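Take a look at the structure set out below.
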Amino acid sequence: MTQVTHWIDGAFSKEKSERSGDIYNPATGQITGNVDFADISTVDHAVQVATRAFNEWRHSSLTKRVQVLFAFRELVNNNKEKIAALITAEHGKVLSDAAGEVTRGLEVVEFACGIPHLLKGGFSEEVSTGVDVYSIRQPLGPVAIISPFNFPAMVPMWFFPIAIACGNSVIVKPSEKDPSAATFMAELWKEAGLPDGVFNVVHGDKVAVDALLTHPGIKSISFVGSTPIARYVYETGTKSGKRVQALGGAKNHMVVLPDADLNLAADAAINAGFGSAGERCMAISALVAVEPIADELISKITERMAKIKTGDGTQGADMGPLVTLVHRDKVASHVAAGEKEGATLVVDGRNVKVDGGGFWLGPTLFDNVTSKMSIYKEEIFGPVLSVIRVKSYDEALQLVNSHPYGNGTAIFTNDGGAGRRFQNEVEVGMVGINVAIPVPMSYYSFGGWKNSLFGDSHAHGTEGVQFFTRGKVITSRWLDPSHGGINLGFPQNT
Ligand code: NAD
């Protein structure tokens, strides 16, 4: 049994926690560890430590910061398999997926290594006679990152490399379901030479989150999770005067036009619908088939679904379990609701047979889903793909744009003009053209629209640098040395 505890001031916390939670291996259903839950005083202690560390770290040179970032990059890269194993053991996703998430996180570290360039300000000489104006960006202070269970390494890495590179100190509150990856990365930061207290991890639940949201020492909140909590975090954090970016849930549509390459579309639907058991905020959940291709596309998808091996992520399976039994049962109840509401259940993942007591639910496919059904309206966050048949591009677009979520979307077509029109007209933050999971690279910014994002700042890229810094503009007048004052040997003005 592992005991996971807080990492504060460069060491594991010795404070005793009154409350804690179980950690499961979702592939066996067994409890494998226990995680301490922070109370208000632990959070307060972490904020005090982070405040002290900030006052030193903010004065560290850009050269020093970059050296630490490069060292951290090497350490994460060298420990990729270990981090992936920690993720699979607590989340359940297959090892290749887990390693892929670490790689995506590393790309943000690599982006942050360019911080000297990213933090350069502007300079205007002689805006008035003898007057110059220039801009600088300064760090905020201790910042908090609150992350979801589905990417326990990558989502915190969307934020902390840039926050630290900009000169802030950080407190991460990972998901209590899979807390080990974040804690291990804290140890790597120490090894990389980051001063104690600049990177801290407090574990816990709502108590820890509320303490961070209202603590006067915390200057910003970066949250990723479900929409109701994202809304709550945004409202509570901003009410406390903090800068908040809160990324919420999703219901991503993939539109397939009649001229699309249906093999490409079917492969993409499989990867995007069932990869990581559908527990991705960029997973495709609604497949909008523009007739007459629905029958052929469904037949290609079902052929491929039959080959997906559901099982333990450490044993070469294609798709792992769901994260908890509660979540597995919730997804199964969505499947039952879809059947009851009249959708055609083409493949029923509830029948999947896997040895052991894990939280299993196989790939599931619905046809003839309508916009009135709960399986269409709600985020399921499991391996359930719904096909909605429409007659035209306009009907497909109207469906996507009417949905309250706006995280990611994709269009499959061989018509460049159709793709171009879709990218212009669709009301979604991240758009793929013949790419089902259009996750932006680290030097662009990640984030959705509508109920998928509260606040106006997306994650990483230049928006990340903006979020973790405050702008300052200086207007300066330095009199020419010839103008009086101490005689430095310049000819004196009269
Ligand atoms: P969640 O909202 O349950 O939890 C997210 C974080 O909030 C966790 O750290 C959790 O401890 C904390 N939390 C939970 N309940 C809380 C409460 N009542 N008050 C305060 N804090 C609370 O989300 P999850 O189940 O861990 O993650 C899945 C969700 O995250 C899905 O909805 C998914 O779409 C979303 N997600 C979104 C993105 C994105 O980029 N938009 C990325 C990944 C995941």
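Values reported hereafter were calculated over all heavy atoms of this structure, with side chains retained and with hydrogens, waters and symmetry mates removed. What you see is a predicted model; the values in this text were computed from it and never measured. Just so you know, ligand 1 is whichever comes first in the structure, and atom 1 is the first atom listed for that ligand.
Taking CD1 from Ile270 and CG from Leu365, the interatomic distance works out to 8.0 Å, rounded to the nearest 0.5 Å. Rounded to the nearest 0.5 Å, atoms CG (Asn79) and CD1 (Ile83) are 6.0 Å apart.
Of the protein's heavy atoms, none falls inside 4.0 Å of atom 4 (O) of ligand 1.
Under 4.0 Å from ligand 1, not a single heavy atom of Asp210 appears. Looking at Arg280 against ligand 1, nothing comes within 4.0 Å, counting heavy atoms.
Phe37 does not count as a contact of ligand 1, since none of its heavy atoms falls under 4.0 Å from the ligand. Distances shorter than 4.0 angstrom do not occur between any heavy atom of Gly448 and any atom of ligand 1. The shortest separation from a heavy atom of Phe151 to ligand 1 is not under 4.0 Å, leaving the residue out of contact.
Closest of all the heavy-atom pairs between Asn34 and Gln3 is OD1-NE2, 3.1 Å. Taking every heavy atom of both residues into account, Ile164 and Trp57 meet most closely at O-NE1, 2.9 Å.
Between the choices Phe446, Phe223, Phe381, the shortest heavy-atom distance to atom 28 (C) of ligand 1 belongs to Phe381. Taking all heavy atoms of Val323, Val209, Asn150 into account, the minimum distance to atom 43 (C) of ligand 1 is reached by Asn150.
Considering only non-hydrogen protein atoms, atom 18 (N) of ligand 1 sits nearest to Ile229 CD1, 3.5 Å. The closest protein non-hydrogen atom to atom 2 (O) of ligand 1 is Ser226 OG, 2.6 Å. Among all non-hydrogen protein atoms, the one lying nearest atom 39 (C) of ligand 1 is Cys281 SG, 3.4 Å. Protein heavy atom at the shortest distance from atom 26 (O) of ligand 1 is Phe149 N, 3.0 Å. When hydrogens are left out, the protein atom nearest atom 34 (O) of ligand 1 is Glu379 OE2, 2.6 Å; that is the closest non-hydrogen contact. Nearest protein heavy-atom contact of atom 19 (N) of ligand 1 is Lys206 CG, 3.4 Å. Shortest contact from atom 9 (O) of ligand 1 to any protein heavy atom: Ser147 O, 2.8 Å. Atom 41 (N) of ligand 1 has as its closest protein heavy atom Gly248 O, 2.7 Å.
One side chain, His253 or Tyr376, offers a donor N or O that lies under 3.5 Å from an acceptor on the other. Checked by atom type, the side-chain pair Asp39/Thr42 shows a donor-acceptor distance below 3.5 Å.
Within a 6.0 Å radius of CG in Asn351, more than 12 heavy atoms belonging to other residues, nucleotides or ligands are found. For Gln398, the CD atom sits in a loose shell: 12 or fewer heavy atoms of surrounding residues, nucleotides or ligands are nearer than 6.0 Å. Crowding of Arg470 atom CZ: a count of heavy atoms from other residues, nucleotides or ligands under 6.0 Å not exceeding 12.
By the 3.5 Å distance cut-off applied to N or O atoms, Glu176 is counted among the residues near ligand 1.
Looking at Asn200, its side chain does come within 3.5 Å of a backbone N or O of Val170 through a donor-acceptor pair.
Using bins of under 30°, 30° to 60° and over 60° for the plane-to-plane angle, the ring pair Phe160/Phe72 lands in the perpendicular bin.
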